[in-house]
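In this text the structure is predicted, and so the values were computed from the model without any measurement.
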Amino acid sequence: MSVLDNFEQWKSFLSERLDQAQQQGMNRQVISDIAYQIGDYLAKQVDPKNPEERVLADLWNVADEQEQHAIANAMVKLVQSKK
């Protein structure tokens, strides 16, 4: 099963990757840029696997670049808040 099949697994996966990035000394701006790149890739290349991902993809597709960065940053904050 892919981490994309279940939204809770996806958030857990993101949280683990965020922890690794922080342990490697990546600053907030680098993490933000990577989150944006991942969001852009997922929206363009991956079919949503659950309702939460569908909402995120729909929001991403109607957002301008600044709003997309805000969505990516909100996802980072979401997984940070679960620790």
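With values rounded to the nearest 0.5 angstrom, Q29 atom CD is found 10.5 Å from I34 atom CD1. Distance CE/M75 to CG/L56: 5.5 Å, rounded to 0.5 Å. Here the CG atom belonging to L78 is positioned 13.0 Å from the CD1 atom belonging to I71, to the nearest 0.5 angstrom. Rounding to the nearest 0.5 Å gives a distance of 11.0 Å between CG of D19 and CG of L14.
Between V55 and F7, every side-chain heavy-atom pair lies at or beyond the 4.5 Å cut-off.
Taking all atoms of both residues into account, the shortest heavy-atom contact from L18 to Q80 is CD2-CG, 3.1 Å. Of all the heavy atoms in P48 and A57, the pair that sits closest is CG-CB, 3.9 Å. In terms of heavy-atom proximity, A43 sits nearest to N61 at CB-OD1, 4.0 Å. What you find for A63 and Q68 is that their closest heavy atoms are O-NE2, 3.5 Å.
Listed by first then second residue, pairs satisfying side-chain hydrogen bond (donor to acceptor under 3.5 Å, both in side chains) with a partner in residues 37-49 read D40-K44, D40-W60, not counting sequence neighbours.
Heavy-atom neighbours of Q20 CD from other residues, nucleotides or ligands within 6.0 Å: above the threshold of 12.
For E8, the salt bridge (Lys or Arg N to Asp or Glu O under 4.0 Å) test picks out K11, with sequence neighbours left out.
With hydrogens and angles disregarded, a donor-acceptor distance shorter than 3.5 Å links the side chain of E67 to the backbone of D64.
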